[in-house]
Amino acid sequence: MKVRKAIIKDIDAIMKIIEEAKAFLKEQGIDQWQNGSPNNEIILNDIKKEQGYVFEENKEILAYMALCYGEDESYHIVYDGEWQCPNVIYGTIHRTAISSSYRGKGMARSLFQAAEDLCVNESMESIRIDTHPNNELMKHLIIREGYQPCGYILLQQDGTKRLVYEKKL
């Protein structure tokens with residue numbers, strides 16, 4: 001499997017995977033991603049900022065993630081906890097989605113490993129991620145990959161609650 005920066009021509013394949021992920025979350029009774037976001041504009045912005053990554057095999061896109069470096073405004077205030085590495089430059093995993101055809105086949109582990117490797121290559125000292133409080137599958141994956149719970153945040157965009165995790169690199 002190859003990991004590479006997403007390009008504009010990937011947008012249709014990425015959005016198909018995003019829509020599958022939205023449907024999966026809805027089936028689980030999780031209201032995450034049910035308000036129209038992430039949408040085409042957000043993914044295009046990830047690509048323009050060179051923060052979007054695709055995972056592909058035989059030229060088929062299997063998964064997507066955004067990996068952002070530096071401060072995330074939503075992460076400034078943490079409730080009921082604190083960051084492990086509060087004063088370091090960090091990477092943040094956002095907008096992860098795996099094709100429904102590849103869900104449950106180890107892609108999540110590859111996604112986390114790729115994100116960590118990319119952050120190490122950029123001299124990041126830690127990596128952070130957040131998820132919806134009801135997203136039990138994602139919480140399980142995050143903990144399984146060695147991330148530590150750090151409390152919760154309220155998203156800058158709409159004030160919704162997200163559990164936050166961090167891993168020292």
Side-chain angles (χ1 to χ4, degrees), residues 1-7 10 13-25 28 30 32-33 37-38 42-43 45-47 49-58 60-72 74-75 78 81-86 88-153 155 161-169:
M1 183 179 58
K2 178 182 172 185
V3 180
R4 64 170 173 79
K5 287 189 178 180
I7 57 176
D10 297 329
I14 294 167
M15 288 311 299
K16 180 180 184 288
I17 292 169
I18 296 284
E19 293 305 320
E20 291 173 355
K22 287 179 182 183
F24 181 72
L25 289 167
Q28 307 300 308
I30 302 167
Q32 185 176 9
W33 288 13
S37 179
I42 290 168
I43 302 304
N45 194 43
D46 288 344
I47 293 169
K49 289 182 174 180
E50 298 190 359
Q51 299 178 62
Y53 291 85
V54 293
F55 297 72
E56 68 179 0
E57 195 166 75
N58 300 322
E60 178 186 4
I61 295 175
L62 315 178
Y64 176 79
M65 79 169 168
L67 182 61
C68 308
Y69 300 119
E71 284 193 49
D72 185 316
S74 291
Y75 286 14
V78 176
E82 61 187 7
W83 295 115
Q84 292 180 297
C85 307
V88 301
I89 299 171
Y90 58 88
T92 306
I93 300 171
H94 285 300
R95 294 178 284 289
T96 60
I98 297 170
S99 168
S100 59
S101 303
Y102 292 89
R103 200 173 292 130
K105 297 183 180 179
M107 285 291 304
R109 179 160 276 146
S110 298
L111 188 145
F112 278 100
Q113 188 60 58
E116 292 166 21
D117 291 346
L118 288 163
C119 283
V120 167
N121 288 341
E122 293 294 326
S123 302
M124 300 290 132
E125 296 177 54
S126 80
I127 187 167
R128 298 176 181 179
I129 189 169
D130 64 79
T131 193
H132 191 282
N134 296 335
N135 193 338
E136 297 301 326
L137 176 59
M138 184 57 97
K139 291 190 301 189
H140 168 77
L141 294 172
I142 291 168
I143 295 295
R144 181 191 75 191
E145 295 305 317
Y147 290 70
Q148 300 299 311
C150 296
Y152 73 92
I153 58 155
L155 292 178
K161 182 179 180 178
R162 294 290 185 264
L163 302 179
V164 291
Y165 303 82
E166 184 174 32
K167 183 176 183 177
K168 294 179 186 177
L169 297 174

Return the minimal non-hydrogen interatomic distance between [X] and [Y], and the atom names on each side.
| X | Y | result |
| --- | --- | --- |
| Leu169 | Cys119 | CD1-CB, 3.5 Å |
| Gln51 | Tyr53 | O-CD1, 3.5 Å |
| Ile42 | Ser37 | CD1-OG, 3.1 Å |
| Trp33 | Ala21 | CZ3-CB, 3.7 Å |
| Ala6 | Ile14 | CB-CD1, 3.9 Å |
| Ala66 | Asp46 | CB-OD2, 3.5 Å |

Legend entry - Lys139 and Glu136 ion-paired at < 4.0 Å: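 Between Glu136 and Lys139 there is a salt bridge, with a charged N closer than 4.0 Å to a carboxylate O.
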
Legend entry - Salt-bridge criterion met for Lys167 and Glu145 (N-O under 4.0 Å):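 No salt bridge links Lys167 with Glu145.
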
For the residue pair [X] and [Y], establish whether any side-chain heavy-atom pair is separated by less than 4.5 Å.
| X | Y | result |
| --- | --- | --- |
| Lys22 | Pro38 | yes |
| Glu122 | Ile89 | no |
| Arg4 | Ile61 | yes |
| Arg162 | His132 | yes |
| Ile127 | Phe112 | no |

Inset, instruction - Begin from the C-alpha positions of Asn134 and Gln28 and carry the test side-chain contact (heavy atoms from CB on, under 4.5 Å) through to its verdict. - result: CA-CA 9 Å; Asn134 296 335; Gln28 307 300 308; over 6 Å; no

Can you tell me how far the [atom1] atom of [X] sits from the [atom2] atom of [Y], to the nearest 0.5 Å?
| X | Y | atom1 | atom2 | result |
| --- | --- | --- | --- | --- |
| Ile143 | Met138 | CD1 | CE | 12.0 Å |
| Ile18 | Arg95 | CD1 | CZ | 8.5 Å |
| Leu137 | Ile30 | CG | CD1 | 8.0 Å |
| Cys150 | Gln84 | SG | CD | 5.0 Å |
| Ile142 | Thr96 | CD1 | OG1 | 8.0 Å |
| Met124 | Cys85 | CE | SG | 13.0 Å |

Inset, instruction - Before giving the answer on side-chain contact (heavy atoms from CB on, under 4.5 Å), spell out for Asp10 and Tyr64 the whole-Å C-alpha distance, their side-chain angles and the decisive distance to 0.1 Å. - result: CA-CA 10 Å; Asp10 297 329; Tyr64 176 79; over 6 Å; no

Inset, instruction - Decide yes or no on side-chain contact (heavy atoms from CB on, under 4.5 Å) for Leu67 and Thr92, but give the supporting numbers first. - result: CA-CA 6 Å; Leu67 182 61; Thr92 306; 5.9 Å; no

Donor-acceptor under 3.5 Å ([X] side chain, [Y] main chain):
| X | Y | result |
| --- | --- | --- |
| Asp72 | Ser74 | yes |
| Glu125 | Val88 | no |
| Gln32 | Thr131 | no |

Inset, instruction - Classify the ring geometry between Tyr90 and Tyr75 as parallel (under 30°), tilted (30 to 60°) or perpendicular (over 60°). - result: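 Judged by the thresholds at 30° and 60°, the geometry between Tyr90 and Tyr75 is parallel.
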
Inset, instruction - Flag the pair Tyr102 / Phe55 as yes when their ring centroid distance falls below 6.0 Å, and as no otherwise. - result: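 Ring centroids of Tyr102 and Phe55 are no less than 6.0 Å from each other.
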
Inset, instruction - Among Leu163, Asp130, Val78, find the residue that satisfies the side-chain contact (heavy atoms from CB on, under 4.5 Å) test when tested with Tyr152. - result: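 For Tyr152, the side-chain contact (heavy atoms from CB on, under 4.5 Å) check succeeds only for Leu163.
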
Inset, instruction - Please indicate whether Asn58 has more than 12 foreign heavy atoms, meaning atoms of other residues, nucleotides or ligands, lying under 6.0 Å from its CG. - result: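 No, because the 6.0 Å sphere around CG of Asn58 holds 12 heavy atoms or fewer from other groups.
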
Inset, instruction - I would like to know whether Glu166 and Arg128 meet side-chain contact (heavy atoms from CB on, under 4.5 Å); could you show each step before the answer? - result: CA-CA 4 Å; Glu166 184 174 32; Arg128 298 176 181 179; 3.0 Å; yes

